[in-house]
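Note that the coordinates shown come from a computational prediction; the quantities given were computed from them, not determined experimentally.
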Amino acid sequence: MLTLYSFGPAANSLKPLLALYEKDLAFTSRFLNPAQFEHHEDWYKAINANGQVPTLDHDGRIVTESTVICEYLEDAFPDSPPLRPADPWQAAQMRVWTKWVDEYFCWCVSTVGWHRMVGKMVEHLSDEEFEAKVARIPLHEQQVKWRRARSGFPQDLLDEEMRKIGHSIRKVEARLAESPWLAGEDYTLADICNFAIANGMQFGFPEFVNQADTPKLLDWIARINARPACITMFEKQPSEWANRRRPGQKG
């Protein structure tokens, strides 16, 4: 039995969610609401001591870290539709992109996202209420990030992260000018993991992602959104941003 603990279908939570739907694997979805700090409840920290999502429970065996979960699903379910190339060299190309998104692309987008959106989740709390919530966060680095999101990130940091976002978008656009998918001719975890960050950037970062500057990226985003597994995921999965337009949605 598979159980996935996650936020809604965006960022790191989207990676294993979309992989599960693409592989047509039956699973139980446990949605945690970050606005309620549900991932810092004691019952969840007993499953994932870092109090972070996503977490996969496979018959009582716990797997953490979003990209690791995606690779685990490839190993544990080799008979389901593959999302990793069988050829070792092609698999290495895929991993270059999953490593890059985890170590670079994700972080710069995440910082700006936290500044713009996550801080709003806790602006209604008093200082005492907020600090009581933060005290339950296991990782010191995450405590710092929540405090910064509430008070506002330094402008010089935001400027640098925006520079990195621009560089990242140009990198993905250049690659998609060479092949239909990031790791080559086939749709793989490289696309899923980068889509988790890039989806919806045409709305959040139109100065970087637009038809004039990034036609290949926009086409790639649209093609993934049109996949049956992606459509099903967005239809079935709740979101902490339920009152907002979902990433990738037109209108």
Looking at [X] and [Y], what are the two nearest heavy atoms and their distance?
| X | Y | answer |
| --- | --- | --- |
| Phe208 | Ile169 | O-CG2, 3.8 Å |
| Thr98 | Leu189 | CG2-O, 3.8 Å |
| Cys193 | Val101 | O-CG2, 3.7 Å |
| Lys45 | Gly51 | CG-CA, 4.1 Å |
| Ala190 | Leu182 | O-CD1, 3.6 Å |
| Pro54 | Leu4 | CB-CD1, 4.2 Å |

Is [X] salt-bridged to [Y], going by a charged N under 4.0 Å from an acidic O?
| X | Y | result |
| --- | --- | --- |
| Asp159 | Arg163 | no |
| Glu173 | Arg170 | no |
| Asp102 | Arg95 | no |

Centre-to-centre under 6.0 Å for [X] and [Y], is that the case here?
| X | Y | result |
| --- | --- | --- |
| His39 | Tyr5 | no |
| Phe195 | Tyr187 | no |
| Phe77 | His58 | yes |

Within 6.0 Å of [atom1] in [X], more than 12 heavy atoms from elsewhere:
| X | atom1 | result |
| --- | --- | --- |
| Glu65 | CD | no |
| Asp59 | CG | yes |
| Asp87 | CG | yes |
| Lys216 | NZ | no |
| Trp43 | CH2 | yes |

Using atom types as modelled and distance alone, determine if a side-chain donor or acceptor of [X] lies under 3.5 Å from a backbone N or O of [Y].
| X | Y | value |
| --- | --- | --- |
| Glu41 | Phe37 | no |
| Glu129 | Ser126 | yes |
| Gln143 | Ile137 | yes |
| Thr28 | Thr3 | no |
| Asp191 | Thr188 | yes |
| Asp213 | Val209 | no |
| Lys15 | Thr67 | no |
| Asn225 | Ile221 | yes |
| Glu74 | Arg84 | yes |
| Tyr44 | Gln52 | yes |

Are [Y] and [X] linked, directly or through intermediate hydrophobic residues, by side-chain heavy-atom contacts shorter than 4.5 Å (ILVMFWY only)?
| X | Y | result |
| --- | --- | --- |
| Met201 | Trp181 | yes |
| Leu14 | Ile197 | yes |
| Phe7 | Leu18 | no |
| Met94 | Leu20 | yes |

Kindly determine whether Glu22 and Met233 satisfy side chain to side chain contact (heavy atoms under 4.5 Å, CB included), including the steps that lead there. CA-CA 9 Å; Glu22 290 282 8; Met233 175 189 69; over 6 Å; no
When you compare the side chains of Lys145 and Ser110, does any donor N or O come within less than 3.5 Å of an acceptor on the partner?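 Yes, side-chain donor-acceptor contact under 3.5 Å.
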Are Val53 and Asn12 packed together at the side-chain level, in the sense that at least one heavy-atom pair is separated by less than 4.5 angstrom?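 Not in contact.
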How far apart are the C-alpha atoms of Arg150 and Asp127, what are their side-chain angles, what is the distance that settles it, and do they pass the salt bridge (charged side-chain N to carboxylate O under 4.0 Å, His left out) test? CA-CA 10 Å; Arg150 181 172 166 88; Asp127 290 344; 2.9 Å; yes
Name the one of Trp107, Trp146, Phe153 that satisfies ring-ring contact (aromatic ring centres under 6.0 Å, His included) with Trp114?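 Running ring-ring contact (aromatic ring centres under 6.0 Å, His included) over Trp107, Trp146, Phe153 with Trp114 returns exactly one hit, Trp146.
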Fit a plane to each ring of Trp100 and Tyr104, take the angle between them on a 0 to 90° scale, and name the class: parallel (under 30°), tilted (30 to 60°) or perpendicular (over 60°).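 The rings of Trp100 and Tyr104 lie parallel, inter-plane angle below 30°.
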Please walk me through it: do Asp57 and Arg61 pass salt bridge (charged side-chain N to carboxylate O under 4.0 Å, His left out)? CA-CA 6 Å; Asp57 182 336; Arg61 304 178 79 177; over 6 Å; no
Arg116 charged N/C atom sitting above Phe205 aromatic ring, 6.0 Å / 45°: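 Cation-pi check for Arg116 and Phe205: passes.
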Yes or no on side chain to side chain contact (heavy atoms under 4.5 Å, CB included) for Arg147 and Glu131, after CA distance, side-chain angles and deciding distance? CA-CA 9 Å; Arg147 290 190 177 103; Glu131 285 301 323; 2.9 Å; yes
From Gln93 CD over to Arg175 CZ, what is the distance, rounded to the nearest 0.5 angstrom?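 Here the rounded value is 8.0 Å.
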Starting at CD1 of Ile224, measure out to SG of Cys230 and round the result to the nearest 0.5 Å.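 One gets 7.5 Å once the value is rounded to the nearest 0.5 Å.
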